[in-house]
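The basis for the numbers below is simple: all heavy atoms, side chains too, and nothing from hydrogens, waters or symmetry mates. Order of the sequence lines fixes the chain letters, A, B, ..., with proteins taken first and strands second; residue numbering starts at 1 for each chain.
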Amino acid sequence: MEYKPNDIEKKWREWWKNNDVYRVENDSPKPKYYVLDMFPYPSGSGLHVGHPLGYIGSDIVARFKRMQGYNVLHPMGYDAFGLPAEQYAIQTGVHPAVSTAQNIQRYREQLDNIGFSFDWSREVQTSDPNYYKWTQWIFLQLFKHYYDRSFDKAMPIEGLVAQFEKEGNANVEAATSQEAFFTAEAWKAFSPKEKDDVLMNYRLAYRKTTYVWWCEALGTVLANDEVKDGVSERGGYSVERKPMLQWSLRITAYAERLLNGLQEVDFSEAMKKMQGNWIGRSEGAQMFFEIPSSPSPLGGAGGERLEIFTTRPDTIFGATFMVLAPEHVLVKQITTPSQRQEIEAYLQYVNTRSERDRMAETKEVSGAFTGAYAVNPFNGEKIPIWIAEYVLKDYGTGAIMAVPADDERDMRFAKKFNLPIVEVIDKSMYPNATIEDKLGKMINSDFLNGMEVLDAIEAILQKIEAMGIGKRRINYKLRDAIYSRQRYWGEPFPIVYDPDGVAHAMSDDELPLELPELDDFKPASGGKAPLARAEDWVHLPNGWTRETDTMPGFAGSSWYFLRYMDAHNNEEFASQKAINYWQDVDLYVGGTEHAVGHLMYSRFWHKFLYDKGLVPTQEPYKKLLNQGMIQGVSMYFYYIEIQVRPNDSEILSPMDRDDVDNIVIYGAFDSDFKIFTKSGLVKLNHRIFEFAGIQYLSNGYYKSIAWSIPVGLVENDDTLERSKLENLVESKFYEFPNIDLNRNVAWIEKNGKQYVQLVPQVEKMSKSKHNVINPDDVVAFYGADCFRLYEMVLGPIEQAKPWDTKGIDGVFKFLRKMWELFFDNNGKFKVSDEAANKDELKVLHTCIKKVTEDIERFSFNTCVSGFMICVNDLRSMNCTKRSVLEPLVKMIAPFAPHIAEELWHRLGHEDSVCKADYPVFDESYLFSDMVTYPVSINGKKRDLVELPAGMSVPELEKLALELDSVKKWLEGMAVKKVIVVPGRMINIVV
RNA sequence: GCCGAAGUGGCGGAACUGGUAGACGCGCUGGACUCAAAAUCCAGUGAUGGCGACAUCGUGUGGGUUCGAGUCCCACCUUCGGUACCA
């Protein structure tokens with residue numbers, strides 16, 4: 001009987017579905033286990049072979065735990081709001097809901113094809129009003145709460161209002177952006193709008209004008225983690241800093257708890273580090289410097305105080321200048337008339353610089369002098385105040401005291417502008433210390449002289465606080481999360497504004513506030529969101545208006561794991577009963593790319609819900625497993641035309657100049673180029689960082705085109721036939737077809753045809769790179785079980801690896817061999833009820849032990865090799881015994897559920913193998929009578945000897961020394977020592 | 001630059017707490033079956049030397065600790081991720 005996966009797999013998938021095998025209930029006497037995958041965004045290109053990697057791993061764990069007697073929650077859903085569907089809608093007019101539904105359907109088919117054990121009755125879609133009703137509800141809870149530092153938790157805003165009415169805000173300890181103090185009387189006298197403005201400085205979800213990342217191309221603002229390398233993460237469009245009125249979430253209130261919480265979760269060290277760095281805690285001092293009254297052209301009264309943050313208050317005697325961020329509010333007030341022009345010019349320069357420019361040249365310093373001076377509170381010296389780009393508006397107070405002797409950036413600045421440098425730390429006794437290390441003895445520092453840095457910090461902090469010129473302070477890099485998007489396809493804010501512009505929460509019974517229908521999804525005029533077009537929806541009969549921004553992608557994904565616990569609840573986001581049963585996620589599987597986005601936000605929301613008493617745990621995810629990306633191999637055709645200029649020795653140095661008239665370059669961008677010239681191949685040691693398209697460097701010496709070629713067209717030796725390339729060009733497959741194929745391409749002649757050499761490059765799978773492998777194709781050919789096993793066999797699940805199908809035949813062979821254990825040559829089922837012998841049981845239990853232990857440590861690749869060893873051994877023993885084969889079927893069921901189910905039923909069972917008990921290994925079967933000892937001399941293996949197990953150390957030692965091979969090596973040498981590890985090895989030292 | 005992870009045959013990768021390096025799979029070589037091929041099965045397969053038993057070398061590089069190091073320590077090199085003027 002031949003193993004034909006297609007004959008059995010579909011049958012069992014239907015059977016599982018019809019019998020509701022994977023449905024899980026919320027009450028069970030069994031212990032609970034929650035295995036969760038990061039739910040996907042259903043993109044238009046469907047799943048590729050990289051997506052299921054993590055899903056297969058988590059499915060194995062879910063099935064394994066189920067068979068071990070746990071009540072396992074293993075759900076799946078879709079992160080269904082998002083930009084691509086909306087961009088697609090703008091281009092085609094297809095409503096995002098329609099395209100999203102189509103994509104979801106396709107994802108579902110692809111997922112079903114692989115035989116996952118998801119409980120689909122709990123499916124969630126973030127764009128479903130029944131779901132986002134609760135996203136809106138949680139948002140309103142954030143809106144209605146503030147963070148009270150004295151209780152160290154979120155508290156209702158009403159309590160705060162009551163306190164304001166009683167005594168103003170002077171004694172309020174809260175996470176706030178409120179700076180001014182007010183009395184109870186003042187509070188009562190505020191207008192509703194003024195009160196609203198004040199409360200916005202306390203609310204955990206608040207609306208305020210802040211500097212945000214604005215992306216013109218996407219027509220929306222973006223959160224910090226959505227901006228990478230100075231461009232938008234989606235699309236790579238340029239972004240700019242802009243003050244805008246936006247909703248934000250006060251995640252900074254939870255900075256400390258988010259940091260501390262990392263200690264209690266089982267995340268990889270790398271992941272914890274990444275989140276820790278993102279939070280960026282630093283201890284230091286907030287200090288005030290007087291700016292003596294100076295005439296201000298803009299009417300500033302003078303006598304301002306400049307507030308700075310520093311982690312090195314000890315170096316204050318080395319502070320030779322101050323630097324403000326260009327956007328700092330004091331800049332206009334303190335600039336002297338004589339410096340005004342210079343400052344204006346500099347501000348203008350800063351304005352023209354994109355974020356990318358700023359990042360590109362961090363070594364280059366720039367700045368301008370305001371003409372104003374601050375006073376060093378310790379020695380009364382006047383310190384000039386400058387402004388410079390390198391001081392960021394968002395960090396600390398947007399102002400620093402610059403200590404060039406002790407800070408690299410300040411040093412560069414001082415050197416460039418000839419500012420004095422005063423050494424304050426003697427590092428001579430720490431020759432290896434860098435400039436920033438907190439090591440050394442204070443000098444030139446008055447009362448600090450002679451102290452070690454750390455002592456000096458403590459000493460001056462005390463002094464600063466005693467003098468009332470500052471305070472100890474902890475600063476975080478973490479920024480509040482911008483929560484508004486000027487987009488259509490997201491959750492509408494359940495917020496209405498009265499004619500004064502005061503924000504009001506909608507009442508719970510009005511939720512969900514559904515998205516209105518639109519037929520044009522482009523942004524409305526004036527930087528407004530598309531929803532502004534839905535005028536009937538925006539304008540309420542009483543003259544009030546709705547918020548037209550929508551929530552960002554991370555809104556729905558911040559709490560979805562809770563919804564799975566009770567997915568159809570219309571009264572609550574999930575019942576307390578369900579939440580208290582399932583508690584938290586035991587295993588969360590997903591990619592590292594969500595380290596600082598999704599994971600931080602959902603941990604933040606969870607802590608807020610914990611404060612509200614709505615969830616029982618502080619952390620949502622106990623264990624995080626990051627699956628590596630499966631990359632694709634893209635075949636690139638690189639075309640570069642170089643205009644050689646006489647003195648470009650820098651770029652052309654490795655080449656023979658005479659050769660360079662017509663050259664074509666193939667190579668990986670962002671790595672060294674290989675150049676084919678008439679005389680062969682040379683290497684150009686120059687790096688180019690841009691991708692496809694024509695690029696001119698500032699001095700204009702080359703243009704380049706990089707095309708990724710559809711893999712199907714490529715020959716085995718990585719070449720592409722000329723006619724195929726020409727077809728691609730003619731069919732306008734590429735955007736830049738105007739190249740001269742005759743002049744600039746080095747053709748290779750093969751079988752009378754011309755070919756061009758392509759360069760393979762491993763990179764992320766994506767439609768645009770034509771390197772996507774669809775799991776459906778693999779499943780259709782080899783079967784889902786084979787696909788699942790193969791993805792596991794590729795290597796450790798956490799490692800990134802390129803997809804290639806080299807080893808898949810080996811996995812298929814293994815499945816066939818296993819299948820053949822159950823059938824004789826005539827295709828008859830041949831399992832016997834004869835008792836198993838010792839050897840067979842040893843093989844079986846060795847495998848059970850290995851697999852059980854390896855699943856627990858997520859080492860799925862070694863599990864598969866364990867199965868292979870087991871099957872090979874049983875095969876060579878001709879084992880046909882039920883007492884061995886039945887446990888084997890159970891054991892492999894989590895990995896290859898279809899074949900396991902088929903064999904399980906053939907073994908006579910009626911119920912699903914998923915419901916069977918996982919085999920437990922028995923140590924007694926693993927015991928051997930004989931042990932093979934390696935005998936080493938001075939640590940070098942010289943012989944192997946088979947000895948009975950259980951021999952004592954002196955016996956082993958004696959036997960070893962009597963071996964012929966050992967005697968030969970010991971001739972003329974005195975044995976100094978014999979080391980025997982029973983059951984392991986023997987080492988003789990001479 | 002800083003932080004993190006990793007470097008093992010022709011390839012993917014094993015080796016859990018220091019104890020037989022290269023499990024398992026791919027590929028390759030030889031053989032069986034076949035008119036032949038594919039498929040399948042059997043054997044071999046780190047490198048070098050030797051007919052051979054065997055010997056020497058071998059886990060990025062250089063040092064160290066240890067009876068014994070892929071594993072621990074120090075220095076360095078390379079690759080991949082993260083991050084970027086964070087005061």
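- For B/G49, the paired base is B/C54 (Watson-Crick or G-U wobble, both distances below 3.5 Å).
- Glycosidic conformation, B/G46: anti, with the torsion outside 90° of 0.
- In terms of phosphate contacts, A/R479 brings no side-chain nitrogen or oxygen within less than 4.0 Å of OP1 or OP2 of B/C86.
- Across all strands, A/D407 comes closer than 4.0 Å to no nucleic acid atom at all (heavy-atom distances).
- Spacing between atom CD1 of A/I979 and atom P of B/G18 amounts to 15 Å, rounded to whole angstrom units.
- With a cut-off of 3.5 Å on both pairing distances, the Watson-Crick or G-U wobble partner of B/C2 is B/G82.
- Listed pair A/K941 / B/G19 fails the phosphate criterion, with no side-chain N or O lying under 4.0 Å from OP1 or OP2.
- An OP1 or OP2 oxygen of B/A14 is reached within less than 4.0 angstrom by a side-chain nitrogen or oxygen of A/N861.
- Pairing of B/G68, defined by two Watson-Crick or G-U wobble distances under 3.5 Å, is not identified with any nucleotide.
- Comparing the P positions of B/G9 and B/U59 gives a spacing of 9 Å, expressed to the nearest Å.
- Residue contacts for A/K477: at a heavy-atom cut-off of 4.0 Å it reaches a base atom on one of the strands shown.
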Query raised in the report: Are A/Y476 and A/T252 close enough, and set up right, to give a side-chain hydrogen bond (donor to acceptor under 3.5 Å, both in side chains), and what steps lead you there?
Result: CA-CA 8 Å; A/Y476 301 92; A/T252 49; over 6 Å; no
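- Under the Watson-Crick or G-U wobble criterion, with both distances below 3.5 Å, B/U20 is left unpaired in every strand shown.
- Spacing between atom NZ of A/K806 and atom C1' of B/G9 amounts to 13 Å, rounded to whole angstrom units.
- In a base pair of the Watson-Crick type (N1 to N3 plus N6-O4 or O6-N4) or a G-U wobble (N1-O2 and O6-N3), with each distance short of 3.5 Å, B/A39 is matched with no nucleotide.
- Computed from coordinates, the A/K813 NZ to B/U40 C1' distance equals 9 Å when rounded to whole Å.
- For the P atom pair drawn from B/U79 and B/G68, the interatomic distance equals 35 Å after rounding to whole Å.
- A straight line from CD1 of A/I630 to C1' of B/C80 spans 17 Å, rounded to a whole angstrom.
- You'll find the ring centres of A/F812 and A/Y3 inside the 6.0 Å limit.
- Look at A/W278 and you won't find any side-chain N or O under 4.0 angstrom from OP1 or OP2 of B/G4.
- At B/C42, none of the side-chain N or O atoms of A/R875 fall inside 4.0 Å of OP1 or OP2 (strictly under the cut-off).
- Checked against the 6.0 Å centroid threshold, A/Y782 and A/Y790 do not count as a close aromatic pair.
- Nucleotide B/U59 forms a pair with no other nucleotide shown, judged by Watson-Crick or G-U wobble geometry with both contacts under 3.5 Å.
- Taking the C1' atoms as reference points, B/C80 lies 25 Å from B/C73, given to the whole Å.
- Distances shorter than 4.0 Å separate none of the side-chain N or O atoms of A/K393 from OP1 or OP2 on B/C85.
- Separating the CD atom of A/E2 from the P atom of B/A39 is a distance of 14 Å, rounded to the nearest angstrom.
- For B/G44, the paired base is B/C28 (Watson-Crick or G-U wobble, both distances below 3.5 Å).
- The aromatic ring centroids of A/F321 and A/F413 lie less than 6.0 Å from each other.
- Counting to the nearest Å, the C1' atom of B/C11 and the CG atom of A/D809 are 15 Å from each other.
- An OP1 or OP2 oxygen of B/U40 is reached within less than 4.0 angstrom by a side-chain nitrogen or oxygen of A/R816.
- Of the C1' atoms belonging to B/G18 and B/C24, the separation is 24 Å, rounded to the nearest Å.
- Considering only side-chain N and O atoms, A/R409 lies under 4.0 angstrom from the phosphate OP1 or OP2 of B/C86.
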Query raised in the report: side-chain hydrogen bond (donor to acceptor under 3.5 Å, both in side chains) between A/T862 and A/D854: does it pass, once the steps are laid out?
Result: CA-CA 7 Å; A/T862 53; A/D854 286 359; 2.7 Å; yes
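- Residue contacts for A/Q799: at a heavy-atom cut-off of 4.0 Å it reaches the sugar-phosphate backbone alone, with no base atom in range.
- Between the P atom of B/C16 and the NZ atom of A/K849 lies a distance of 13 Å, rounded to the nearest Å.
- Of all the heavy atoms in A/A402 and A/D410, the pair that sits closest is CA-OD2, 3.3 Å.
- Summarising the base pairing, B/A15 is matched to no nucleotide, lacking a Watson-Crick or G-U wobble pair whose two defining distances lie under 3.5 Å.
- Side-chain proximity of A/M274 to the nucleotides B/G19, B/G13, B/G82 is greatest for B/G82.
- Across all strands, A/N872 comes closer than 4.0 Å only to sugar-phosphate atoms, never to a base (heavy-atom distances).
- The gap from the C1' atom of B/C26 to that of B/A84 amounts to 42 Å, rounded to the nearest Å.
- Counting non-hydrogen atoms under 4.0 angstrom, A/R281 reaches nothing in the nucleic acid.
- Contact annotation for A/I869: backbone-only contact, meaning every heavy-atom pair under 4.0 Å involves sugar-phosphate atoms and none involves a base.
- Between the NZ atom of A/K940 and the P atom of B/C54 there is a distance of 15 Å, rounded to whole Å.
- On the C1' atoms, B/G58 is 36 Å away from B/U40, given to the nearest whole Å.
- Residue contacts for A/K976: at a heavy-atom cut-off of 4.0 Å it reaches no nucleic acid atom on any strand shown.
- Residue A/L794 is classed as a sugar-phosphate contact, given heavy-atom separations below 4.0 Å to backbone atoms only.
- Contact between A/G276 and A/L262 at its shortest, heavy atoms only, is N-CD1, 4.0 Å.
- Look at the C1' atom in both B/C2 and B/A23: the space between them is 39 Å, to the nearest Å.
- Looking at A/E269 and A/K273, no side-chain N of the basic residue comes within less than 4.0 Å of a carboxylate O on the acidic one, giving no salt bridge.
- Distances from the side chain of A/M868 to the nucleotides B/C24, B/G19, B/A15 place B/C24 closest.
- Nucleic acid contact for A/M985: base, since at least one base atom lies under 4.0 Å from a heavy atom of the residue.
- Using a 4.0 Å heavy-atom criterion, one finds that A/S282 contacts the sugar-phosphate atoms exclusively.
- The same atom, P, is picked in B/G7 and in B/U71; the two are 11 Å apart, to the nearest Å.
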